[in-house]
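Naming convention: chains lettered A, B, ... in sequence-line order (proteins, then strands); numbering from 1 in each chain.
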Amino acid sequence: MEKKYNHKDVEAKIYRMWEEKELFKAKVDPKKKPYCIILPPPNASGEMHTGNVLMIAIEDLLIRWKRLMGYEVLWLPGTDHAGFETQTTYERKLAKQGKSRLDFDRQTLYNNIWDFVHENKSLIENQIRQMGASVDWSRYTFTLDPFSLKLVCDTFEKMHADGLIYRGDYVVNYSFKWGTTFSDAETSYKEVSDPLYYIRYRLSDNSPSPKGEQEIVIATVRPETIFIDTHIAVNPKDENHSHLIGCKALNPITGHEMEIIEGSFVDPAFGTGIVKLTPAHDKDDFQVALAQDLPIINIIDLQGLITQGPQKGMTIKKARKSAVEQLKDLERIEKIDESYKHMVPVDYRSGDYIENLVLPNWFVKVDGLRNAALESIKNGEMKIYPKWRQLTYVRWLENMHDWAISRQVVWGIRVPVWYDSSKNPNISVTFLDSGGQAVSGTLSEILGSYTLKEVLSGLQTLRAPKNSEYVISQESPGENYVPETDTFDTWFSSGQWPLITLKYPDSEDFKYFYPTSVLETGWEIVTRWISRMVMFGIYLTGKPPFADVYLHGHVRAIDGRKMSKSLGNHIIPSDYIEQYGADALRMGLILGTAMGRDFNFPQDKILAFRNFANKIWNMARFMGVLEDNYNQEEGKELTIYSIDELKSLLQPKDIEILVGFDAMLKYVDSSLKKYRFADAANSIYQFMWKDLASDYLEDAKGRLDKDVALSVLRSVYLECLKVLHPFMPFVTEEIWQNLTAEKERPLAVQSWPKPYKMS
RNA sequence: GGGCUCAUAGCUCAGUUGGUUAGAGCGUUCGGUUUACAUCCGAGAGGUCCCAGGUUCGAGCCCUGGUGAGCCCACCA
């Protein structure tokens, strides 16, 4: 053995050995208890970040522990196509070449992204190997595999048949830049400064105010929508304004009468306490309009242009300026508050602006699914660790409203819907003609000049009005049909991930391993992902997809702030693997924190565990030296006795270390059961270094009954390797291979220690 | 606006249902190459457990109030 442990030479070699021997391939075995974790799929085109690394460290720890305990273990890896995120990454690449998605028909674009993803896919797979993850590669799954496509579409069909899917006009978050809808979960808010305009409205003579005022003033940041407004709201509890309810004001631009209605959402203290309603372009207003059956008028098209009125054809920004000019000319502006700051919706990744538009969309009715998901928590069928995170999950589910599942991106699973072109003349399409020129219009306009075949082969996007007639089918129902071009929200497919990976409903895997044992992931994904998996799992199988949910904390940068590329404080895990080894990185992260709490990247701990790897390496080496010396001094081969054989010869020091081992083992087991990984890790670490090396081994140097001491030392040391293996798999396996006979099974598939029971 | 979490050694953090002298890693001070390991060994210094009050025989831990930090959700024209 080398003087120093060199992880660089060892880790890749060991992983290859494990993989070649297929040690991690699960077999359905009814005689054994199953233990299953589905690896939360990293983005296919991504690179491993510290969150992934922590996740792998924890899951591999659980998986290897249970494998040694004798369970039939399955850890199933995969990657996610991450619809929108991947497409935007690809579009950025296109932009560098001076191109955009609009240069391609949807099929070509899809194929190009497919190639792009597969070029990059091996990167993340190799990083998973680098970490030592004992996953079953034979079951590797990608969210766009044929089985996945079929299951997701089958689920859609079933839900549609059960009345859980509907198509409706709804106010959605829409990005003009990316040309798609976003879910609420993908929308965040950013503070910006916009002028707040105070606009004077005359009251109509037909319904004068009881208090006799002639005018009211309304504050708005969106004067460009004024001309379509039909209603105004005040809070009924607002003493200054409630008398206005039922009165009518005149629209300052068009002069039409607008009724003043009550709205309990109106804050009397904000602005003037009076609000104009724009149901198509504001979520609150939309809800009021739905409840009170007010007209919903959309004046912004998908390019972000105003579709009617005096500002027709302008962008929102220009229209606003123009509307302000017009109002100034009409002397309707009382004042402009230039210092006003407010929160506007943006895409949570890119920070690009999002508008509220009313668009036809596919929706999931959440009411039918939510209660069962909540019930599984309340009755203990599914447990969340740490427990205090449960609240977030419950709150969120309780507040969840209907889920818009369609996205206008190409990269994803297409909604399996078709429209009969002859029955839906009002469907609007955009396609590239044979010369590559984009053509847009309704089917009835276009089919005069082009054949349907031409439209289909160059098809980019299609938008069907709410009441279009459609057929659900995964294949085209006939040559007269045009396909829906929307794809599913990524969470609609990843929400079915446990079912996709285990091949619901007929496979042996599914019957044996479902529900899985534990879902381990970051807490920030609770709402976006876990809630969906539970809802789909219960909907399709009657059971939540996992018994336990363990949520780890965020890894922050060394400076305690959130990691971000712009701050320059983000950490590249492979640098640490390179420098200190995957074992040290894993152990450092495991010991970095208590259960589920955020923590700073534990740089110095990783160093400490690199040293620890070297320490145990040298213990093994030294045991060899001691044994060689014994052979020379005694002139005979050292006999290694079992502890049973030595019972009557054991010295107090021997008993002490054996009893100590039992205590450590018990503590590790009970800590792991409770997901208290740091406690377990610290326990084996302290025992090996302090008790076994510094205390017992030092003492053994002076022992006269060397054969007894060396037998005890060897036994305890090997048992410790087993305990440490789930934490630091590479170095323990390498030492095991050095110390034990070649024909013995690798450490990864040995058995978990049993206590010595000396007392 | 609603909610969650945190505050313990110079730094980063453990401390389980209340129970002797509050721990670890890094850093720091002093001293060490005896049969492995300087990525080592031995010894030490270093804490008003954020503040105030309460419960208790006993509080870092439980309760109330405050201060400071971070985060999540919702979102007001």
Side-chain angles (χ1 to χ4, degrees), chain A residues 1 3-6 184-185 187-189 194 196-199 218-223 225 229 232-233 263 265-278 281-285 340 342-345 386 388-396 398-400 523-524 526-527 553-554 556 558-562 580-581 584 587-588 591-626 628-630 633 667 670-671 674 676 678-679 681-682 685-686 689-690 693-694 697-698 700-702:
Chain A
M1 288 171 82
K3 189 171 174 182
K4 280 182 188 174
Y5 171 64
N6 188 343
D184 289 345
T187 309
S188 75
Y189 291 82
D194 277 319
L196 183 63
Y197 302 95
Y198 285 74
I199 297 168
I218 297 179
T220 180
V221 288
R222 305 207 60 173
T225 60
D229 291 341
I232 288 168
F265 68 97
V266 178
D267 176 1
F270 186 88
T272 61
I274 309 176
V275 182
K276 73 186 194 68
L277 294 178
T278 313
H281 302 294
D282 182 281
K283 280 184 186 168
D284 270 343
D285 296 0
Y340 177 62
H342 66 149
M343 305 293 271
V344 296
W388 50 268
R389 293 274 189 216
Q390 203 171 289
L391 259 175
T392 318
Y393 172 79
V394 168
R395 285 274 150 71
W396 191 83
E398 283 169 351
N399 295 326
M400 185 180 183
W523 56 264
E524 71 278 4
V526 167
T527 49
H554 248 146
R556 292 184 306 241
I558 294 163
D559 59 13
R561 290 187 296 177
K562 218 170 160 174
Y580 301 109
M587 192 71 163
L591 228 144
T593 179
M595 178 156 87
R597 222 158 262 152
D598 292 355
F599 61 103
N600 298 1
F601 187 78
Q603 202 175 23
D604 49 17
K605 286 190 175 115
I606 292 165
L607 178 84
F609 290 114
R610 192 272 313 260
N611 296 352
F612 180 54
N614 190 58
K615 181 70 188 178
I616 62 168
W617 175 262
N618 269 289
M619 286 171 74
R621 207 155 72 86
F622 188 49
M623 278 162 47
V625 170
L626 288 177
D628 287 348
N629 290 351
Y630 177 91
E633 283 162 22
Y667 189 77
S670 73
S671 300
K674 291 183 281 189
R676 298 183 63 90
D679 288 354
N682 192 47
Y685 170 74
Q686 295 294 339
W689 200 315
K690 299 284 186 271
S694 299
L697 180 51
E698 286 304 316
K701 287 177 183 174

> For RNA chain B, what string of dots and brackets results from 5' to 3' when Watson-Crick and G-U pairs need both distances under 3.5 Å, crossing pairs get [ ], and pairs with another strand get |?
Replying inline: (((((((..((((.....[...)))).(((((.......))))).....(((((..]....))))))))))))....

> Across the strands shown, which category fits A/D285 at heavy-atom distances under 4.0 angstrom: base, sugar-phosphate, nothing?
Replying inline: nothing

> Any sub-3.5 Å donor-acceptor pair from A/N618's side-chain atoms to A/N614's backbone N or O?
Replying inline: yes

> For the atom pair CZ (A/F599) and CZ (A/R556), what is the distance rounded to the nearest 0.5 Å?
Replying inline: 9.0 Å

> What nucleotide among B/rU16, B/rG25, B/rU5 has an atom nearest to a side-chain atom of A/K605?
Replying inline: B/rG25

>> What's the separation between atom NZ in A/K674 and atom CG in A/D679, rounded to the nearest 0.5 Å?
In response: 7.5 Å

>> I'd like the P distance from B/rG25 over to B/rC41, given in whole Å.
In response: 10 Å

> Closer than 4.0 Å, any side-chain N/O of A/T278 to the OP1 or OP2 of B/rA77?
Replying inline: no

> Are any non-hydrogen side-chain atoms of A/L277 and A/D229 less than 4.5 angstrom apart?
Replying inline: no

> Could you give the distance from CZ (A/R389) to CZ (A/R597), rounded to the nearest 0.5 Å?
Replying inline: 9.0 Å

>> Given B/rC72, B/rU16, B/rC37, identify the nucleotide with an atom nearest to the side chain of A/T392.
In response: B/rC72

> So which heavy atom on A/V266 is nearest to which on A/G273, and how close?
Replying inline: CG1-O, 3.5 Å

> Can you tell me how far NE2 of A/H342 sits from CG of A/L196, rounded to the nearest 0.5 angstrom?
Replying inline: 8.5 Å

>> The side chain of A/W523 is closest to which nucleotide in this list: B/rC37, B/rC72, B/rC76?
In response: B/rC72

> Are the side chain of A/T220 and the backbone of A/Y197 linked by a donor-acceptor contact shorter than 3.5 Å?
Replying inline: no

> Mind checking the P distance from B/rC11 to B/rU48? Whole angstroms is fine.
Replying inline: 12 Å

> Within the structure shown, what part of the strands sits under 4.0 Å from A/Y667 by heavy-atom distance: base, sugar-phosphate, or nothing?
Replying inline: base

>> Between C1' on B/rA77 and CD1 on A/I199, what's the gap in Å once rounded to a whole number?
In response: 10 Å

>> Between B/rC4 and B/rC76, how far apart are the two P atoms, rounded to whole Å?
In response: 24 Å

>> Can you measure A/M623 atom CE to B/rA36 atom C1' for me and round it to whole angstrom units?
In response: 12 Å

> When you measure from the side chain of A/W689, which nucleotide among B/rU12, B/rC40, B/rA36 comes out closest?
Replying inline: B/rC40

> CE of A/M619 versus P of B/rC40: gap in Å, rounded?
Replying inline: 14 Å

> In whole Å, what separates the P atom of B/rG19 from that of B/rC61?
Replying inline: 10 Å

>> Strictly below 4.0 Å: does A/N611 bring a side-chain N or O up to OP1 or OP2 of B/rC40?
In response: yes

> Taking A/D598 for the side chain and A/H554 for the main chain, is one N or O donor matched with an acceptor at less than 3.5 Å?
Replying inline: yes

> P atom, B/rG23 versus B/rG47: distance in rounded Å?
Replying inline: 14 Å

>> If I take atom CG in residue A/L626 and atom P in nucleotide B/rC37, what distance separates them, rounded to the nearest angstrom?
In response: 12 Å

> B/rU17 and B/rU12: how far apart are their P atoms, nearest whole angstrom?
Replying inline: 26 Å

> For A/A219 and A/Y198, which heavy atoms make the closest approach, and how far apart are they?
Replying inline: CB-CE2, 3.9 Å

>> By nearest atom, which of the nucleotides B/rU5, B/rC41, B/rU12 is closest to the A/W388 side chain?
In response: B/rU5

> Of A/R395 and A/D598, whose closest RNA chain B nucleotide lies nearer the 5' terminus?
Replying inline: A/R395

> Is A/R556 touching bases, backbone alone, or none of the nucleic acid, heavy atoms closer than 4.0 Å?
Replying inline: sugar-phosphate

> B/rU16, B/rU35, B/rC76: which one has an atom nearest the side-chain heavy atoms of A/K701?
Replying inline: B/rU35

> Among the nucleotides B/rG25, B/rC6, B/rU39, which one has an atom lying closest to any side-chain atom of A/R610?
Replying inline: B/rU39

>> Assuming nearest nucleotide by heavy-atom distance, tell me which of A/H342 and A/R621 is located more 5' along RNA chain B.
In response: A/R621

> Is there a side-chain polar atom (N or O) of A/K283 under 4.0 Å from OP1 or OP2 of B/rC76?
Replying inline: no

> Nearest to the side chain of A/V275, which nucleotide is it out of B/rA36, B/rA77, B/rA14?
Replying inline: B/rA77

> Side chain of A/L697: nearest nucleotide among B/rG3, B/rA77, B/rA36?
Replying inline: B/rA36

>> For a quick check of understanding: with a heavy-atom distance under 4.0 Å over all strands, which category does A/A608 fall into, base, sugar-phosphate or nothing?
In response: sugar-phosphate

> In whole angstrom, what separates A/F599's CZ from B/rU12's P?
Replying inline: 15 Å

>> OP1 or OP2 of B/rA77 versus the side-chain N and O atoms of A/Y197: is any pair under 4.0 Å?
In response: no

> Quick one: OH on A/Y580 to CG on A/N611, what's the gap to the nearest 0.5 Å?
Replying inline: 9.5 Å

>> If you only use heavy atoms from C-beta on, which nucleotide in B/rC76, B/rA36, B/rU16 is closest to the side chain of A/N618?
In response: B/rA36

> Out of curiosity, A/M587 CE to A/K605 NZ, how far, rounded to the nearest 0.5 Å?
Replying inline: 11.5 Å

With 3.5 Å as the limit, what N/O pairs link the protein to nucleotides 29-33 of chain B?
none

> Once the angle between the rings of A/Y685 and A/F612 is folded into 0 to 90°, is it parallel (under 30°), tilted (30 to 60°) or perpendicular (over 60°)?
Replying inline: perpendicular

> How close or far is atom P of B/rA38 from atom NZ of A/K3, stated in whole angstroms?
Replying inline: 5 Å

>> Measure CG/A/N600 against P/B/rA14 and give the value in whole Å, please.
In response: 10 Å

> What is the nucleic acid contact for A/Q686, judged by heavy atoms within less than 4.0 Å: base, sugar-phosphate only, or nothing?
Replying inline: sugar-phosphate

>> Distance check, C1' atoms only: B/rG31 and B/rA52, in whole angstrom units.
In response: 46 Å

> How close or far is atom C1' of B/rC13 from atom CG of A/D604, stated in whole angstroms?
Replying inline: 9 Å

>> Less than 4.0 angstrom between a side-chain N/O of A/R222 and OP1 or OP2 of B/rA77, yes or no?
In response: no

>> Rounding to an integer number of angstrom, what distance separates B/rU8 and B/rA69 when you compare their C1' atoms?
In response: 16 Å

> Is there a donor and acceptor pair closer than 3.5 Å between the side chain of A/N629 and the base of B/rU35?
Replying inline: yes

